[in-house]
Amino acid sequence: MTLATSTMTSPHGRRVAVVGLGRIGSAYDYLGADRDLPRSHIGAILATKSLTLAAVVDASVSARQNAVQHWKFESDVRILPHVDDVRSG
């Protein structure tokens with residue numbers, strides 16, 4: 001899992017992409033018992049006011065579907081199958 005950052009910022013802070021939607025990238029927040037603090041990269045990004053989630057990337061269709069189902073991303077979050085797609089578009 002890689003956390004890719006961009007030099008672009010939005011009104012809500014630095015735009016970031018999460019590459020890899022496995023346990024630490026996405027799933028730890030919804031696989032176990034409820035906790036007060038985020039346990040995944042996506043959870044931490046969404047909880048941080050100075051960051052904006054711009055894209056999530058995973059080659060696995062099921063990993064992308066699980067993340068979308070759980071997180072219910074804003075419409076401007078790009079859901080991508082390959083890391084090369086982050087820069088194109």
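Closest non-hydrogen pair, Ala63 versus Ser60, comes out as N-OG, 3.1 Å. Heavy-atom minimum distance, Arg64 versus Ala59: NH1-O, 3.3 Å. Here the shortest heavy-atom pairing between Pro38 and Ala44 reads CB-N, 3.4 Å. When all heavy atoms of Val77 and Leu53 are compared, the closest pair comes out as CG2-O, 3.3 Å.
Annotation: the span from His41 atom NE2 to Leu46 atom CG amounts to 13.0 Å, rounded to 0.5 Å. Interatomic distance, Phe73 CZ to Ile42 CD1, rounded to the nearest 0.5 Å: 4.0 Å. To the nearest 0.5 Å, atoms CD (Gln69) and OG (Ser62) are separated by 11.5 Å. To the nearest 0.5 Å, atom CZ of residue Arg15 and atom OG1 of residue Thr52 are 7.0 Å apart. To the nearest 0.5 angstrom, Ser26 atom OG is 10.5 Å from Ile45 atom CD1.
At least one side-chain heavy atom of Trp71 sits less than 4.5 Å from a side-chain heavy atom of Asp29. Side-chain contact check for Val61 versus Gln65: some heavy-atom pair is nearer than 4.5 Å.
Applying side chain to side chain contact (heavy atoms under 4.5 Å, CB included) to His82 and the options Val86, Asp85, Leu80 leaves one that passes, Asp85.
Asp58 places a side-chain N or O within 3.5 Å of a backbone atom of Leu21 that can act as its donor or acceptor partner. Of the possible donor and acceptor atoms, one in the side chain of Arg39 sits under 3.5 Å from a partner among the backbone N and O of Tyr28.
In summary, the side chains of Ser50 and Thr48 do not present any donor paired with an acceptor at a separation below 3.5 Å, with no hydrogens or angles considered.
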